[in-house]
Visitor: 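The structure that follows is given in the form of structure tokens.
In the text below, chain A, chain B and the rest are named by the order of the sequence lines, each starting its count at 1.
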Amino acid sequence: MNTVCVVGASLAGLLTARALRSQGYAGRLVVIGDEPHRPYDRPPLSKDFLKGAIGEADLALEGEDEEPGIEWRLGVAATHLDATARRVTLSDGTSLAADGVVIATGAAARTLPGTEGLAGVHTLRTLDDARALRDDLGTARRLVVIGGGFIGAEVAATARELGLDVTLVESGPAPLAGVIGLTMAQAVADLHEQRGVRLVRGVQVTEVTGTDRADGVRLSDGTHLPADVVVAGIGAVPNIAWLRGSGLELGDGVLCDEGGGASVPGVVAVGDCAAWWDPVRSRHHRIEHWTGARQRAVVAAATLLSGGTARPEPARPAYFWSDQFDVKIQFIGHARDADTVTVEEGDPAGGSFLAVYRQGDRPVAVLGVNQVRLFTRWRRQLETAPVQAG
Amino acid sequence: MIPACPLASLPRGEALRLDVDPPIAVFHTDDGEIFAIDDTCTHQDASLADGWLEGCEVECPLHASRFDLRTGKVDAPPAKRPVRTHEVVVEDDTIYVVPSDAPPNLPPGVTLKGEA
Ligand SMILES: Cc1cc2nc3c(=O)[nH]c(=O)nc-3n(C[C@H](O)[C@H](O)[C@H](O)COP(=O)(O)OP(=O)(O)OC[C@H]3O[C@@H](n4cnc5c(N)ncnc54)[C@H](O)[C@@H]3O)c2cc1C
Ligand code: FES
């Protein structure tokens with residue numbers, strides 16, 4: 001293999017490029033990214049960076065003594081792939097043929113229909129988004145966050161810490177309920193309410209009001225919530241539109257086997273854009289968490305270099321963290337596989353506890369809230385258990 | 001030289017946090033070696049003594065960067081800088097740490113108590 005082209009210059013792209021080098025690949029390595037920035041870390045964008053506790057330099061993913069011979073092509077997007085010829089066409093009109101292609105184009109924030117061109121309405125995915133939101137929050141008094149997923153809950157917490165009046169609107173019964181289950185989501189909701197976030201649950205947003213600039217949010221029960229800034233945290237969609245007509249099989253992400261190999265040889269996909277085959281649940285599954293990209297970068301590099309013959313180790317269960325206020329939330333596994341959940345340490349009312357989700361007697365997921373040490377032990381136990389992929 | 005603890009009270013596979021400024025973590029590996037490093041991860045404010053010890057490496061409990069206990073080197077992001085290492089002396093069945101005079105690599109936002 002003489003040329004590998006990585007599309008997407010963020011976490012998954014950088015780590016796969018590094019893994020290729022550490023696994024012995026010595027050929028030409030081109031990384032294409034449509035953002036003008038060198039790879040940076042996204043989790044702080046809704047936390048310490050938004051709060052102003054850290055700066056842009058702190059977000060860099062590369063260390064000082066990098067980089068393993070990477071040719072960076074930043075500020076240009078890949079617009080087309082011919083998967084069989086492994087030729088990538090770029091937005092500057094050039095194209096590049098490669099022996100191996102790594103697709104690491106991540107995901108983009110879903111936007112609220114009908115809010116295009118309305119100032120004061122934000123989504124949060126990129127550094128540029130975070131700068132704009134931080135500036136806007138600096139002069140705002142009232143924030144309405146739409147959507148109680150991780151990003152919504154984190155932005156609500158950060159804005160509250162910055163002293164804003166914050167309302168979080170969640171169409172389900174509680175923020176994060178879809179991921180950590182209703183019982184535990186209730187405990188996290190309490191943490192928010194105790195710290196002054198107003199939670200509005202079980203209603204939909206019908207409209208963001210305002211002419212040039214948003215001035216509030218209308219709900220399905222008729223309520224109008226006034227707002228200076230509105231953040232939509234309503235999920236992310238994989239960046240795969242550029243792959244239509246490429247010859248690759250697409251679904252909710254680039255469909256891959258359990259080693260990250262796409263449907264055409266010589267092409268792998270990794271990170272938020274990739275839906276790898278989950279042999280335990282017999283379906284493709286897209287993981288949108290940091291450690292998922294990190295673990296799978298190594299596997300995808302091996303798949304590419306071996307021509308698909310490397311046998312991946314069974315996937316580890318998905319682990320993610322979230323920081324909200326002074327609370328460190330850690331989660332591993334699949335809450336949906338569980339039929340019971342029990343608090344095994346601490347007390348949800350006290351803001352520090354650990355809960356274990358079980359299917360029969362078997363632990364399938366663990367939630368830690370300010371229980372870092374104990375969570376680490378449980379995490380290891382789940383990661384080394386044999387039938388826990390996903 | 002700071003006395004950490006009696007050798008017998010730190011079993012293999014365990015870690016201990018010394019509340020000095022900045023805090024130091026002492027590890028007893030499964031192979032019976034003892035190492036000391038700064039306890040605070042170089043990425044964010046996490047206690048490496050709460051992390052996962054495997055061989056001569058500790059994995060940060062929050063975001064899973066791994067530090068080599070012998071050299072302080074980090075394997076992969078999010079942490080980028082090595083953690084400071086300290087010399088360990090075992091004398092009369094007691095573990096002592098000789099604090100390094102190199103500057104610590106504390107994460108952004110974390111300062112020495114003396115400088116806070
Ligand atoms: C605000 C925020 C907070 C988060 N917090 C956490 C957290 O606390 N814990 C956790 O586990 N995870 C968190 N995540 C998720 C984590 O950041 C992602 O899982 C991770 O960034 C995925 O990396 P990736 O490289 O696959 O995708 P991305 O980081 O999305 O990178 C993809 C890159 O490809 C570029 N690209 C897209 N299309 C093209 C194209 N056609 N041509 C060229 N380049 C292209 C994009 O612009 C982008 O730079 C958070 C994410 C966000 C946005
Ligand atoms: S705090 Fe240690 S890796 Fe993030």
Visitor: Does the side chain of Arg18(A) reach to within under 4.5 Å of the side chain of Pro77(B), using non-hydrogen atoms?
Guide: yes
Visitor: Determine, step by step, whether Gln330(A) and Leu62(B) satisfy the side-chain contact (heavy atoms from CB on, under 4.5 Å) criterion, reporting the C-alpha distance in whole Å, the side-chain angles of both residues, the deciding distance to 0.1 Å, and the verdict.
Guide: CA-CA 8 Å; Gln330(A) 297 175 284; Leu62(B) 291 189; 3.8 Å; yes
Visitor: Do you know which of Leu15(A), Asp58(A), Asp323(A) has the most heavy-atom pairs with chain B at a distance under 4.5 angstrom?
Guide: Asp58(A)
Visitor: Only heavy atoms, only distances under 4.5 angstrom. Which residues in residues 88-103 of chain B are near chain A?
Guide: none
Visitor: Please look at Asp41(A) and chain B and tell me whether the side chain, the backbone, both or neither of the residue comes under 4.5 angstrom of a heavy atom of that chain.
Guide: side chain
Visitor: Side chain from CB out, backbone as N, CA, C, O: work out which of these in Ser65(B) comes under 4.5 Å of a heavy atom of chain A, or both, or neither.
Guide: both
Visitor: With side chain to side chain donor-acceptor pair (under 3.5 Å) as the rule and sequence neighbours excluded, what pairs involving residues 77-89 of chain B come up?
Guide: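 Of all non-adjacent pairs touching residues 77-89 of chain B, those that pass side chain to side chain donor-acceptor pair (under 3.5 Å) are Asp38(B)-Arg84(B), Asp38(B)-His86(B).
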Visitor: Using a cut-off of 6.0 Å, state whether more than 12 heavy atoms not belonging to Glu313(A) lie near its atom CD.
Guide: no
Visitor: Answer with side chain, backbone, both or neither: which region of Arg379(A) has an atom nearer than 4.5 Å to a non-hydrogen atom of chain B?
Guide: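 Arg379(A) touches chain B through side-chain heavy atoms alone.
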Visitor: Sort by residue number and list every residue of residues 47-54 of chain B having at least one heavy atom under 4.5 Å from chain A.
Guide: Ala49(B), Asp50(B), Gly51(B), Trp52(B), Glu54(B)
Visitor: Pick one of side chain, backbone, both or neither for Phe375(A), based on which atoms fall under 4.5 Å of a heavy atom in chain B.
Guide: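 It is neither, since no heavy atom gets under 4.5 Å.
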Visitor: Got a second to check how far Gln44(B)'s CD is from Ile54(A)'s CD1, nearest 0.5 Å?
Guide: 7.0 Å
Visitor: Could you list all the side chain to side chain donor-acceptor pair (under 3.5 Å) pairs where at least one residue sits in residues 67-77 of chain B, not counting sequence neighbours?
Guide: Arg294(A)-Asp75(B), Asp68(B)-Arg70(B)
Visitor: Check the side chains of His63(B) and Trp290(A) for a donor-acceptor pair under 3.5 angstrom, ignoring hydrogens and angles.
Guide: no
Visitor: Considering only heavy atoms, which portion of Ala57(A) lies under 4.5 Å from any heavy atom of chain B: side chain, backbone, both, or neither?
Guide: backbone
